[in-house]
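Everything on this sheet refers to the single structure shown next.
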Number of protein chains: 2
Amino acid sequence: MDVHVRDLRYFLAVARELSFTRAAETLYISQPALSKQIRALERQLRVSLFARESTGARLSRAGSELVPFAERMVAEWEAAKAALARASDSTLVLGMHTSPGRRVLPEVRARLVAACPDAVLELRQVAWADRTAGLAERATDAAFVWLPLPQPPYRWVTIAREPRLVAMATGHPLAGRESVALADLLDEPFLALPASAGPLRDYWLALEERGTNPVQVAAEINDTEETYEAVASGIGLCLLAAGNAPIFARGDVIMLPVRDLSPAELVLAWHERHCPPLLETFVGLCADVVDRRTKTEPT
Amino acid sequence: MDVHVRDLRYFLAVARELSFTRAAETLYISQPALSKQIRALERQLRVSLFARESTGARLSRAGSELVPFAERMVAEWEAAKAALARASDSTLVLGMHTSPGRRVLPEVRARLVAACPDAVLELRQVAWADRTAGLAERATDAAFVWLPLPQPPYRWVTIAREPRLVAMATGHPLAGRESVALADLLDEPFLALPASAGPLRDYWLALEERGTNPVQVAAEINDTEETYEAVASGIGLCLLAAGNAPIFARGDVIMLPVRDLSPAELVLAWHERHCPPLLETFVGLCADVVDRRTKTEPT
DNA sequence: TCCTTGATATAACCGCCGGTTATGGATGTG
DNA sequence: CACATCCATAACCGGCGGTTATATCAAGGA
């Protein structure tokens with residue numbers, strides 16, 4: 001019923017060369033393959049496209065009718081590929097676990113369209129299990145993720161540096177404190193990211209700071225809603241960045257600073273081997289916005 | 001590199017339905033097959049065309065760019081198929097062993113273009129080994145052939161009925177006669193059509209009229225040139241229709257009537273199961289031209 | 001005359017594509 | 001909480017799109 005555009009290219013090559021052998025050479029395929037494909041095309045269309053003779057091939061009536069259509073279709077496909085390439089050059093696919101928030105994305109986006117009017121940002125929510133938010137599989141051009149991230153394949157600019165809080169149900173014994181130390185939490189059950197998150201999971205369990213003390217993982221969490229429910233129902237505690245506190249401020253959960261934990265770092269990351277021009281300007285704009293912000297409101 | 005138009009149709013279906021499942025239903029394929037094909041298309045183009053969500057699919061930037069191109073290509077292919085169908089409706093492929101000659105083809109062709117201005121005759125020379133001149137393999141719509149022909153699958157109109165002559169080298173003992181009888185030829189070596197010609201081979205050996213007398217086949221012949229050479233060099237004799245005599249009148253061969261052989265019949269034949277409108281009018285015109293001719297020059 | 005050359009067709013083979021069914025996981029809903 | 005819906009994945013299978021090797025045939029040259 002339908003045709004492979006490749007077969008149309010084959011057909012046009014034979015129509016141009018009027019020779020299967022030479023056409024096969026220009027197409028870099030073997031002559032039998034070309035003959036077979038053309039025969040299949042003829043069988044499919046129920047018409048003969050060429051009159052084979054010992055001297056070569058001649059176009060039949062149907063063949064000459066087909067030529068202009070085939071040319072238009074091949075040209076259209078070339079145009080389509082070019083258009084897609086252009087579109088992909090001016091499109092940035094951004095991965096993120098939760099929205100980066102912090103009012104950074106709207107501002108950068110506004111600046112970006114001012115700089116490149118035909119630029120388009122495509123946002124993609126990605127599962128917490130995917131630590132690189134699509135960078136690893138090349139599904140995204142850049143991603144808002146929390147450190148740590150392996151340095152060699154990835155590069156990044158800092159978006160925010162925020163203290164780590166611990167979230168717990170309002171009824172928790174520690175809930176009355178002003179703040180806590182990590183030592184207060186060592187025996188508490190914790191919520192953890194999926195195992196596939198690797199070092200990131202360890203980071204939000206403060207595994208390094210715990211030293212030899214083991215951590216008790218109460219459950220795995222895959223999105224904010226799940227996390228809120230698990231914390232509120234007392235299943236376990238959970239570390240989170242101060243900037244994400246508003247998402248949890250819903251009454252059943254209270255959050256306390258953990259005094260002796262280093263702040264967490266939210267970055268815009270990308271793959272060092274994949275840095276198209278638009279990404280470059282986007283990164284520049286992000287750095288710029290963040291920079292101006294840290295000046296106006298220094299911590 | 002190139003695309004199958006089918007995949008573009010698949011893509012358009014998903015773009016229209018914004019759902020893989022529903023699109024698969026409208027396409028009468030399974031949903032996994034559709035998903036796989038779209039993924040393959042995305043991999044090939046190195047862009048993602050849809051954003052999959054639990055609620056269904058949304059077009060990505062690249063996807064919306066592709067839509068108009070895909071629509072144009074699909075439409076173009078539909079148009080091409082329609083054009084080919086129209087062309088094949090107004091094209092008649094004629095098979096023939098040697099040109100039918102007798103001034104019939106030019107006249108019928110002239111009348112045909114007068115009746116159907118966009119009609120086109122496509123002539124196809126075909127090997128003598130193919131007794132039906134392409135009718136059997138459906139390679140031709142009609143063919144100029146000599147009887148006999150099996151009646152059930154084929155039908156025909158008579159183009160010419162001509163006495164059979166025998167051709168021999170000028171040096172042959174019989175060459176001085178005014179005419180010969182079959183009895184004079186019984187011991188002579190004859191040239192024969194290839195075995196695959198079947199009953200037609202027998203006919204031009206006058207096998208039936210020979211009765212029990214065996215025929216001595218000197219060689220097989222595949223075209224006029226070969227035949228002329230074989231006759232002229234004395235390899236064997238050969239029967240031929242009077243109308244084809246001019247082709248052999250070149251000095252080294254003489255032709256004599258065979259008194260007691262029935263005349264041969266040249267017909268325009270076609271397959272009874274394949275008789276498109278244009279063929280019908282062509283047959284009518286042929287019959288008409290022949291009819292008028294037999295009236296003006298009765299034998 | 002024979003051999004070579006160059007054209008297309010045929011055959012046997014093989015990996016991958018394009019379909020199938022079965023199944024699982026995520027999401028919204030009564 | 002069960003259920004329906006939607007998309008993804010897996011395993012499987014026939015056929016397509018390529019390969020090399022070979023046949024056939026027409027044309028041309030020593």
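In this text the structure is predicted, and so the values were computed from the model without any measurement. Letters A, B, ... mirror the listed sequences (proteins, then strands); counts begin at 1.
Between E17(B) atom CD and dC6(D) atom C1' there is a gap of 14 Å when expressed in whole angstrom units. A straight line from CZ of R22(B) to P of dC6(D) spans 7 Å, rounded to a whole angstrom. When the C1' atom of dT9(D) is taken as reference, atom CZ of R52(B) falls 13 Å away, rounded to whole Å.
Annotation: side-chain hydrogen bond (donor to acceptor under 3.5 Å, both in side chains) contacts of R46(A) (sequence neighbours excluded): none. Partners of H172(B) according to the side-chain hydrogen bond (donor to acceptor under 3.5 Å, both in side chains) rule, which considers only residues two or more places apart in sequence or in another chain, are E188(B). In this structure S88(B) satisfies the side-chain hydrogen bond (donor to acceptor under 3.5 Å, both in side chains) test with no other residue, sequence neighbours excluded. Remark: T26(A) pairs with A13(A), E17(A) by the side-chain contact (heavy atoms from CB on, under 4.5 Å) rule, at least two apart or across chains. Residues passing the salt bridge (Lys or Arg N to Asp or Glu O under 4.0 Å) test with R22(A): none are found, sequence neighbours excluded. Partners of A245(B) under the side-chain contact (heavy atoms from CB on, under 4.5 Å) rule, at least two apart in sequence or in another chain, are L165(B), M255(B).
Within the structure, every pair that satisfies the salt bridge (Lys or Arg N to Asp or Glu O under 4.0 Å) test and touches residues 68-84 of chain A, not counting sequence neighbours, is listed here: R72(A)-E76(B), E76(A)-R72(B), E78(A)-K81(A).
Applying the 4.0 Å criterion to OP1 and OP2 of dA9(C), one finds that S35(A) has a side-chain N or O inside that range. For dT5(D), neither phosphate oxygen OP1 nor OP2 lies less than 4.0 angstrom from any side-chain nitrogen or oxygen of T21(B).
A donor and an acceptor atom, one from each side chain of S35(B) and Q31(B), are located under 3.5 Å apart.
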In 5'-to-3' order, the base (B), backbone-only (S) or no-contact (-) status of each nucleotide in nucleotides 15-26 of chain C, using a 4.0 angstrom heavy-atom cut-off, is ---BBBBB----
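Within residues 57-65 of chain A, no residue is approached by DNA chain D to less than 4.0 Å at the level of any non-hydrogen atom.
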